[in-house]
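In what follows, a structure is listed as C-alpha cells, so that the remarks can point back to it.
All values derive from a computational prediction rather than experimental measurement.
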Amino acid sequence: MTNEPLVSIIMPVYNGELYVKEAIQSVLSQAYRQWELIIINDGSTDRSEEVILSFDDSRIVYHRQENAGVAKARNKALGLMKGTLFCFLDADDILPGQSLLVRVRIFRENPEVNFVDGTVLQKDQKLQNLIRTYTPVFRGNPFESLILKPEVCFGFITWMIKKPNPMVFMDEGVTHGEDRLYFTRLAQDPATLYTFVDEVIYETRVHGSSAMTNLYGLENGYIHLYRTLKNDLKVKTWFLIRFKLRQARVLFLSNLSAGNFRQALTSALRMIIT
C-alpha cells in the first residue's frame, strides 16, 4: 500500500495516562497501514509520557511542550505532519479498526471531497455501554451547518480532512469551540465538500472532565466564534443573528439544567448583545 496517501493522526495529550494507551493501540490496530501518529504532550504531570514512550513504532512521532492548551498542541502537530490527509484523535477516545480505511477509500474514489466523516459512538467512561449513536445526515458544503446546525455532522473533530493549501491553523487561547471555529474556517470556500460513510469511525468517552461542563468557557467560546464570523469571515448579518439566537438558547438551557437561573439569563443576554 505504499502508493496510498499518508494519513496524519493528531493526538494532543494532557494527563491522559488512564486512556492514552488504548487510544494508541487503536491506531496500531488500523487495517489501513499508511499513517503517522503525531502525539503532542501538552505538559502532562502524570505518567502520560511513560505510557507513550512504551510504544516502539517508527510511525509514532512524539513531542513534549509546556502546557499551553489543546489548540497550540494541535497546531504544533499540524505544522509537523507529512500526510496529505489528516484527522484528530483525542487521547481518551479510540478509532475502530476500519476507521482510516473506509474514509481513505472515499477520498480515492471522490477526489473533489474535502472532508469525510462517519458514524460516531458516544459511550461511557469505560467504553462499555453505548449512550448515543450519531449518524451524519448531511452532504455538501458544511459551512452553514457548522454554524447553525452542528448536530447534523456531530462534533467536527471526527472528520478526516484533505490537507488545505495554504495550511489552516487553530485559534490559540480559546478554551472552548476552537475545533468548531477551525472547521468553519476550512469550510468557508463554497467549493469544499463534506460527506460520510455509514461505518463507525470514532468512539468517544463521556466523563466528568468534559469541556462542556465549563459553561463560562463555553460562553466565551461562542462569543469568540461570533466575532470571528463577523469580523474575519464577513458572514452576512441575517446569518449572524440566527447564530446568536441559537447560541443564546443553548447557553440559557445549559445553565438552567445546571440549576443556575440567574446565570442562564446573564449568559443568554450577553450572547445577544455582543
Side-chain angles (χ1 to χ4, degrees), residues 6-21 23-24 27 35-53 55 59-93 95 115 146 150 155-188 202 204-205 207 209-229 231-233:
L6 178 68
V7 179
S8 298
I9 304 165
I10 292 172
M11 181 193 294
V13 180
Y14 177 72
N15 288 351
E17 67 169 298
L18 292 179
Y19 307 115
V20 69
K21 180 178 180 179
I24 296 172
V27 176
W35 53 259
E36 62 172 357
L37 173 61
I38 306 175
I39 303 175
I40 308 298
N41 184 348
D42 186 35
S44 296
T45 57
D46 64 358
R47 294 179 55 255
S48 291
E49 182 170 68
E50 180 182 338
V51 174
I52 295 165
L53 293 178
F55 289 90
R59 296 170 295 178
I60 298 177
V61 180
Y62 176 70
H63 287 266
R64 180 182 177 89
Q65 67 179 27
E66 295 299 317
N67 180 246
V70 65
K72 191 173 184 66
R74 287 173 177 155
N75 281 344
K76 174 72 172 178
L78 287 169
L80 292 170
M81 75 177 197
K82 299 176 181 178
T84 56
L85 302 172
F86 67 98
C87 60
F88 298 95
L89 174 61
D90 286 347
D92 54 353
D93 297 335
L95 297 178
F115 316 108
L146 282 165
F156 338 119
I157 213 68
T158 62
W159 298 11
M160 183 178 286
I161 307 128
K162 182 185 296 181
K163 184 178 180 180
N165 185 23
M167 193 60 187
V168 177
F169 294 92
M170 291 190 171
D171 286 23
E172 298 179 9
V174 182
T175 61
H176 292 67
E178 74 287 339
D179 50 359
R180 185 177 179 184
L181 177 55
Y182 177 70
F183 285 94
T184 301
R185 290 188 189 278
L186 287 174
Q188 62 183 304
Y202 200 96
T204 182
R205 298 178 199 266
H207 48 72
S209 62
S210 172
M212 288 295 289
T213 62
N214 184 341
L215 294 176
Y216 182 72
L218 183 65
E219 176 185 336
N220 286 335
Y222 284 158
I223 290 174
H224 178 74
L225 177 54
Y226 168 77
R227 290 172 176 165
T228 302
L229 293 172
N231 300 323
D232 295 352
L233 303 185

Note to self: Applying side-chain contact (heavy atoms from CB on, under 4.5 Å) to T204 and I157, what does each step give before you reach the verdict?
What the structure shows: CA-CA 11 Å; T204 182; I157 213 68; over 6 Å; no
Note to self: Checking Y19 now: which residues fulfil side chain to side chain donor-acceptor pair (under 3.5 Å) with it, not counting sequence neighbours?
What the structure shows: Q125
Item checked: Distance (rounded to the nearest 0.5 Å) between D179 CG and T184 OG1 -> 9.5 Å
Notebook entry, point to check: For L89, does its backbone N or O pair with a side-chain atom of D93 as donor and acceptor, under 3.5 Å?
Noted result: no
Checklist line | Qualifying residues under salt bridge (charged side-chain N to carboxylate O under 4.0 Å, His left out), relative to E178, sequence neighbours excluded | finding: R74
Note to self: Would you compute the distance between atom CE of M160 and atom CG of L85 and round it to the nearest 0.5 angstrom?
What the structure shows: 6.0 Å
Note to self: Could you measure the distance from the CG atom of N165 to the OG1 atom of T84? Nearest 0.5 Å is fine.
What the structure shows: 12.5 Å
Item checked: Contacts of T228 that satisfy side chain to side chain donor-acceptor pair (under 3.5 Å) - sequence neighbours left out -> none
Check: Which residues pass the salt bridge (charged side-chain N to carboxylate O under 4.0 Å, His left out) test with R205, sequence neighbours left out?
Finding: E22
Margin query: Within a 6.0 Å radius of atom NZ on K162, are there more than 12 heavy atoms belonging to other residues, nucleotides or ligands?
Written below: yes
Note to self: I'd like to check the ring pair (Phe, Tyr, Trp, His ring centres under 6.0 Å) partners of Y14; sequence neighbours left out, ordered by chain and number.
What the structure shows: none
Checklist line | Between CG on residue L186 and CG on residue L181, distance to nearest 0.5 Å | finding: 10.0 Å
Checklist line | Pairs meeting criterion salt bridge (Lys or Arg N to Asp or Glu O under 4.0 Å) with involvement of residues 8-18, two or more places apart | finding: E17-R47
Checklist line | Which atom of L37 lies closest to which atom of W35, heavy atoms considered | finding: N-CE3, 3.6 Å
Notebook entry, point to check: Got a sec, which pairs hit salt bridge (Lys or Arg N to Asp or Glu O under 4.0 Å) with one end in residues 36-46, sequence neighbours left out?
Noted result: none
Margin query: To check you understand the geometry: which heavy-atom pair defines the closest contact between P12 and A91, and what is its length?
Written below: O-CB, 3.7 Å
Note to self: Rounded at 0.5 Å granularity, tell me how far NE2 in H63 sits from CD1 in I40.
What the structure shows: 6.0 Å
Note to self: side-chain contact (heavy atoms from CB on, under 4.5 Å) for V13 and Y62? Distances and angles first, verdict last.
What the structure shows: CA-CA 11 Å; V13 180; Y62 176 70; over 6 Å; no
Item checked: By side-chain contact (heavy atoms from CB on, under 4.5 Å) - contacts of L18 (at least two apart) -> none
Check: Taking only residues two or more places apart in sequence, or in another chain, which ones meet F55 in a ring pair (Phe, Tyr, Trp, His ring centres under 6.0 Å)?
Finding: none
Check: So how far is it from N41 CG to L53 CG, rounded to the nearest 0.5 Å?
Finding: 9.0 Å
Next item on the list: Just do the side-chain contact (heavy atoms from CB on, under 4.5 Å) check on F86 and V7 with the steps written out, would you?
Entry: CA-CA 5 Å; F86 67 98; V7 179; 5.7 Å; no
Item checked: Minimal non-hydrogen separation, Q65 against G69, with atom names -> NE2-O, 4.1 Å
Checklist line | Residues which pass ring pair (Phe, Tyr, Trp, His ring centres under 6.0 Å) with Y182, listed by chain and number, not counting sequence neighbours | finding: none
Margin query: To check you understand the geometry: which heavy-atom pair defines the closest contact between A23 and M11, and what is its length?
Written below: CB-CE, 3.8 Å
Note to self: For a side-chain contact (heavy atoms from CB on, under 4.5 Å) check, start with the C-alpha distance between I38 and K76, then their side-chain angles and the critical distance, and finish with the verdict.
What the structure shows: CA-CA 9 Å; I38 306 175; K76 174 72 172 178; over 6 Å; no
Check: Considering all heavy atoms of both residues, which atom of F88 and which atom of Y202 are nearest to each other, and what is their separation?
Finding: O-CE1, 3.7 Å
Checklist line | Sequence-distant partners of D171, side chain to side chain donor-acceptor pair (under 3.5 Å), two or more places apart | finding: R185, H224
Note to self: I'd like to check the side-chain contact (heavy atoms from CB on, under 4.5 Å) partners of N75; sequence neighbours left out, ordered by chain and number.
What the structure shows: L78, F169, M170, E172
